[in-house]
Each structure stands twice: as structure tokens, then as C-alpha cells.
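Comments concern the structure below.
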Protein chains: 2
Amino acid sequence: MNVPPSTVARLPRYMRALEDLAERGEQQTSSGELAELVGVQAAQLRRDLSYLGSHGVRGVGYDVQNLLSQVMGALGLTHDRAVVIVGLGNLGHALANYVQAYVVDGGPGFRVAALVDADPAVIGTEVAGLVVEDAAHLEDVVAREGATIAVLATPRDVAQEVCDRLVAAGVRGILSFAPRALQVPEGVDVRSVDLASELQILAFHDRRRP
Amino acid sequence: MNVPPSTVARLPRYMRALEDLAERGEQQTSSGELAELVGVQAAQLRRDLSYLGSHGVRGVGYDVQNLLSQVMGALGLTHDRAVVIVGLGNLGHALANYVQAYVVDGGPGFRVAALVDADPAVIGTEVAGLVVEDAAHLEDVVAREGATIAVLATPRDVAQEVCDRLVAAGVRGILSFAPRALQVPEGVDVRSVDLASELQILAFHDRRRP
DNA sequence: TTCTGTGAACACGTTCACAGCC
DNA sequence: GGCTGTGAACGTGTTCACAGAA
């Protein structure tokens with residue numbers, strides 16, 4: 001069951017749409033309806049789902065709950081993963097609260113296991129219900145919690161170093177907000193969110209304007 | 001000069017690497033060096049740059065300052081665009097500060113023109129050096145500032161409505177943090193950052209783990 | 001019939017490999 | 001010789017269009 005990356009990237013959107021349908025009490029749906037909700041072509045949605053196996057009924061459609069289970073299973077949301085958030089400046093602080101409120105409490109799959117920062121003024125303070133720990137003990141924290149996923153919200157100049165330490169400690173997936181290309185070994189997955197880049201891409205499309 | 005979307009998405013990274021080189025006093029670079037810094041293949045970088053026109057010298061490489069100008073020009077960073085930030089909850093507040101500190105002050109192209117929220121407790125407060133305005137006047141604010149780009153950090157359930165109003169008021173590019181597919185007319189560009197999705201994608205790659 | 005699942009066609013993006021120019 | 005710019009090959013992703021199951 002090999003799922004192409006571009007399909008994987010769409011699975012969370014399908015999941016969200018299915019959750020919405022389930023909440024509305026819908027029991028059955030179709031590739032057309034679901035595709036419309038998500039904003040993709042129906043054929044693409046069917047192709048994507050086919051990588052997870054065949055779970056629809058021809059002439060009828062898909063069972064919402066069953067398909068939701070399939071998608072969540074494919075994403076590996078069957079048990080909670082420990083997430084460590086490193087860097088609790090302005091952005092990291094907000095991210096910690098956001099992840100706690102909208103990701104952890106919004107469904108299964110994740111648990112904010114620990115918060116880590118290097119600033120003595122921040123260490124020991126409470127954020128999102130957790131006490132911020134010292135970055136000097138980063139490896140211990142990752143090992144203690146068995147964390148495999150990290151959110152990186154440190155300043156740009158220490159991002160690579162922190163990244164290296166996270167990987168060495170056993171982290172396999174990093175969501176980085178530092179505007180910098182991170183080098184990681186084979187098998188480690190980095191997803192990068194760069195606000196300046198996003199705005200610049202928007203500027204490109206708007207560039208004909210005065 | 002038609003630039004493919006995937007190339008556009010990489011231009012900000014090239015720009016950042018070129019800025020780093022310029023800061024280090026490097027005057028000349030090569031596709032190999034630049035590609036290594038950015039984390040892409042040298043051939044891809046040369047192909048990408050070729051869409052902007054030929055600005056390198058065969059056998060020598062690229063002039064850092066000149067190439068930087070070309071890339072910035074292509075991205076439309078020749079003048080400042082007004083950005084409106086809508087929604088100043090936890091995340092929006094941090095984004096406003098971040099954009100002000102790391103995007104606006106980090107280079108040309110953008111100006112945080114206004115902050116808008118619907119919560120009476122937030123309206124009138126000062127964030128990132130600006131006073132938060134009433135969302136009831138959203139259209140007036142966009143028109144007054146001539147804003148073409150917006151950052152959307154509202155709750156999920158009002159995101160589409162706010163999006164519609166932004167577009168009607170003249171916004172052409174939206175950076176959304178709301179976990180929802182936004183419907184926009186032709187010619188309007190939406191880029192979506194969804195933290196839950198990003199973590200779920202990381203979970204997928206880590207799904208073989210216990 | 002209706003709607004899925006999928007082979008086949010197509011479009012897009014990336015990489016190779018080398019001609020062309022310094 | 002060295003490095004760019006780019007045709008051509010390749011690989012990936014998307015869409016078409018229809019056979020097949022309920």
C-alpha cells in the first residue's frame with residue numbers, strides 16, 4: 001500500500017471534510033460531494049482513495065464513518081504521538097496554545113509532550129498547561145517522552161543545530177517555522193512553513209498591479 | 001516571461017540564500033553552490049533561473065547582487081504592498097508581531113497596513129505598533145490602505161465569510177491559517193497553512209513506528 | 001440506472017547530458 | 001577548462017473516459 005506524497009498531502013483535507021459530514025449526521029457520501037467540499041476533482045479524489053484500498057460501493061458511494069476510519073488509519077492517527085515544541089518566543093508560544101487547543105483537543109493522533117526553550121526568562125514558565133523546560137536537556141526530554149515529532153520555532157541561527165539534536169535524539173518528523181533550509185539524514189521528514197516566502201509567492205501573483 | 005508555479009515557490013528560497021551570500025560579502029556564486037545552500041539540484045536551479053531570463057556567465061557563474069535583483073524583481077518586491085491581518089487571537093497576534101519583525105523589517109515588499117478583529121475586547125488595543133480596527137469596517141480599511149494581500153487568522157467558521165469580503169474589497173492574495181478550503185473567484189490566490197494537516201502528514205511518514 | 005475504480009492519455013515537473021560561450 | 005542554458009528523456013501527478021459492480 002504505497003501512497004504518493006501528493007496524495008498524502010491531501011488526506012488531511014479529506015479527513016476534515018469527512019469529519020464535517022459526520023458532524024452533520026451524513027452517513028453516506030460520494031466522490032462528487034466530497035471533492036466539492038475539499039476543492040479537488042472527483043476523479044482525483046477517487047484515485048487518491050484507491051491507494052488506500054477500495055472502500056466505496058459502486059453506484060452508491062462511500063460510508064462516511066468507514067471512510068473516515070480508513071483515512072485516519074492511513075495517516076497513522078490510531079495512537080497518540082508525542083510532540084515536542086522547541087522555541088517559545090512570540091510565535092512558538094502561540095503555536096503551543098494553538099496545537100493544544102485545535103490539534104490535540106480537535107482529534108486523536110497527537111499529544112503535546114513537552115515545551116523547550118533556551119531563554120532563562122522563559123524556562124519554568126507555564127504555557128498551554130505545561131512548564132517550559134531547559135533546552136540544555138533537549139535530548140533527555142525527547143527520550144523521556146518518546147517524541148517522534150517536533151515543532152521547531154527557534155530563531156533562524158540555531159535552527160540547524162536544534163534540528164540536528166532533535167534527530168540525534170530520535171525525532172523523525174519536524175515542522176519548522178525557521179526560514180532556513182534544514183539538512184536532515186535520510187528517513188527524517190521536514191515540513192517547512194515560511195511566512196515571508198508565502199507572502200512573497202502571493203506578491204508574485206499580484207506583481208502586475210501598481 | 002511565464003514562470004511555472006513550482007519555480008515561483010522556490011524563488012523566495014533562492015532569494016534568502018542570495019541574501020546570505022551578499023551578507024557574507026560574496027560577489028560571485030555558481031548554480032552548484034547556490035543549489036547546495038537551498039537544498040535543490042543544480043540543474044533545477046539553472047532551469048528555474050532560466051525562466052527569469054539568462055543572467056549568468058558561462059564558465060563563471062552568477063553575480064550575487066545582480067541575481068538577487070532579478071529574483072526580487074520577478075517576485076514583485078520592487079515596491080511595498082499593503083498587508084491587512086484579520087483575526088488577532090492568539091495566533092493572529094503572534095503572526096502580526098512576526099510579520100512586522102521578520103518580514104517587513106527583514107526586507108522590502110510588504111507593509112503591515114492594518115489589523116482587524118471582530119472582538120470588542122481586542123478592537124482598540126495596540127499590537128505590533130498598530131491599533132486593531134473593527135471588522136465591521138473591513139472593506140473601508142482594505143480600500144483606505146489599498147491592500148491587495150491579507151493574512152487570515154480568524155476562527156474557522158467565519159473564514160469563508162471574511163474571505164469573501166476581503167476579495168470583494170479588492171484583496172488578490174490571501175494567506176490563510178484557517179483549517180478550511182476557501183472558495184475564491186478566478187484571479188485570487190489563496191495559500192493555506194494548516195498546522196493540523198502538517199502534523200498529520202508527518203504522522204503518516206512516522207506511521208510504521210509503535 | 002448510478003457511482004466507483006482504473007487503464008490510458010495527458011500535462012507538468014525534474015533530471016540528464018551536452019552544446020555553447022566565457 | 002569551467003559553468004551556464006536548454007533540448008531531450010524521464011518520472012510524477014492529474015484528468016479523461018469507460019468498464020464493471022450494486
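Worth knowing before you read on, the calculation uses all heavy atoms, side chains too, and leaves out hydrogens, waters and symmetry mates. Proteins get letters first, then strands, A, B, ... in listed order; numbering begins at 1 in each.
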Short side-chain donor-acceptor distance under 3.5 Å, B:Arg46 and B:Ser31: yes
B:Tyr14-B:Asp48 side chain donor-acceptor pair, cut-off 3.5 Å: yes
Length of the line joining [X]:[atom1] and [N]:[atom2], which is rounded to integer Å:
X	N	atom1	atom2	value
B:Asn66	D:dT4	CG	C1'	14 Å
B:Asp48	C:dT14	CG	P	7 Å
B:Leu45	C:dG13	CG	P	17 Å
B:Leu67	D:dG5	CG	C1'	14 Å
B:Tyr51	D:dG7	OH	C1'	12 Å
B:Leu49	D:dT6	CG	P	11 Å

Backbone N/O of A:Gly76 and side chain of A:His79: donor-acceptor pair under 3.5 Å: no
Under 3.5 Å: donor-acceptor pair, side chain of A:Asp80, backbone of A:Gly109: yes
Within-4.5 Å side-chain heavy-atom neighbours: A:Asp206 and B:Arg81: yes
Non-hydrogen side-chain atoms of A:Leu45 and A:Gln41 separated by less than 4.5 Å: no
Nucleic acid contacts of residues 8-37 of chain A, taken as heavy-atom distances under 4.0 Å to DNA chain C: A:Ser30, A:Ser31
Interface with DNA chain C, restricted to residues 184-193 of chain B and to heavy atoms under 4.0 Å: none
OP1 or OP2 of D:dT4 under 4.0 Å from side-chain N/O of B:Ser54: no
N/O (side chain, B:Tyr62) to phosphate O (OP1/OP2, D:dG5) under 4.0 Å: yes
What residues form a side-chain hydrogen bond (donor to acceptor under 3.5 Å, both in side chains) with [X], not counting sequence neighbours?
X	value
B:Asp119	none
A:Asp194	A:Ser197, B:Arg16
B:Glu139	B:Arg165

side-chain contact (heavy atoms from CB on, under 4.5 Å) between B:Leu49 and B:His55, worked out: CA-CA 8 Å; B:Leu49 295 183; B:His55 304 290; over 6 Å; no
Passing candidate, side chain to side chain contact (heavy atoms under 4.5 Å, CB included) with A:Val86, options A:Val151, A:Leu166, A:Ile174, A:Val142: A:Leu166
Reading 5' to 3' through nucleotides 15-22 of chain C, protein heavy-atom contacts under 4.0 Å coded B for base, S for sugar-phosphate only, - for none: BBB-BBBB
